[in-house]
Amino acid sequence: MYYIDAHTHLLDLSIASLKEMSLHNIRGVISPVHLGAFKPVSKDTIIDVWDVQLEKQLGRAKQNFIDAWAMIGISMVSTPRDGVEELLALLPSYLARPEVVAVGEVGFEPGSRTNADPAYQQMLLERQVDIVRDAGVTIDIHVPNPMDRKVEATKRSLEICRERGLDMSKVVIDHCTEANIDLVLEAGAYAAISVQPWRVMNPENTADLLLKKKSDRVFVDSDSSDLISDPLAVAKVAFALKARGADDAFIDACCCTNCMAAYGIRQFPAMG
Ligand SMILES: [Zn+2]
C-alpha cells in the first residue's frame, strides 16, 4: 500500500528525508507554496516561489520515486507589498497546469509577520475562493492554533466559501483537530489532520480520531518541514491504524484515496 502526504513543504525537506519517505511507502505528496517571510515580499518574489515549486521542488520528490503535485497561491504568511492584483490575475494560468491541484495554503493566520490584518487576510481568501470556483480546482485552507482561534477561523472560512458559491467538495480545511472536525464534516468539506504534536495531534490520537469519525472526507498530512515536523507522519498513522485493527481499505482511504478524491487526483502511483 502506498500513501500520500497531503500537505508537505518540499522546500524544507532534505534529500535524506525524501528518501526515507519513499522507503516508508509515502510515494505521493501534495506541496503548498511556502515562504515564511518576516516582512512583506515583492510580487516578483512570490512568482519566483511559484516557479521554484514547479520547476525544482516537484522534481526533487520525483527523483526519490515520489509523485508530486503543487498547491499555488498567495499565502497569508508571505503577503505581497505590491502587485496583488497582478498576482491574482496570473494565478489562473498556474492553476491550469496539470501538476497544480489546488490553491493553497491560504486563510487566516493571526501570527503572520507580513500582514496580520484580518480584513486583508479575508480579502485574499475571498479573491482566491472566487478564482478556485471559476477554475474548478480545490482550495486548501489553513486554520491557526490555538483551539478557539481554530474554531473561529474554520467557521469564517467555511462561511466565505459558502457565500461565494464554492462547492464544498472543493474545500479542504487543514490542521483539523477534535475541536473543529465536526464543523468541517457537517459543512460537507474535507478535513485534513496535520500530525504535529504542537497542533495536539500525534499518530496515535490521529488514528483514534479517524476511527471515531469513519468519514470518507478525512485524510492526514505531516505539514512537514525537517525543522518542526515528522516527514514520516502519514506512514506512522497507517501503522497506528493497523495496530488498532483497522482494515487495509480504511487505512488506504485515510492515508491515500480520500486525499486523491479531495484534490481530483485520478492516477496514483503515476510512476509505478
Ligand atoms: Zn498551515
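Here the structure is a predicted model, which means the values were calculated and not measured. Side chains are part of it too, since the values below use all heavy atoms of this structure and drop only hydrogens, waters and symmetry mates. Order of appearance sets the numbers: ligands from 1, and atoms from 1 within every ligand.
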Parallel, tilted or perpendicular: ring planes of His175 versus His7, cut at 30 and 60 degrees: tilted

Whether Phe219 and Tyr263 hold their rings parallel, tilted or perpendicular, with breakpoints at 30° and 60°: perpendicular

Identity of the N, O or S atom of Glu105 lying closest to the Zn ion (ligand 1): OE1

Any N, O or S atom of Glu109 closer than 2.8 Å to the Zn ion (ligand 1): no

Presence of salt bridge, Lys242 and Asp248, under 4.0 angstrom: yes

Geometry at the Zn ion (ligand 1) - His142 ND1 versus His175 NE2 angle, rounded to 10 degrees: 90°

N/O donor-acceptor pair under 3.5 Å between Gln121 side chain and Asn115 backbone: yes

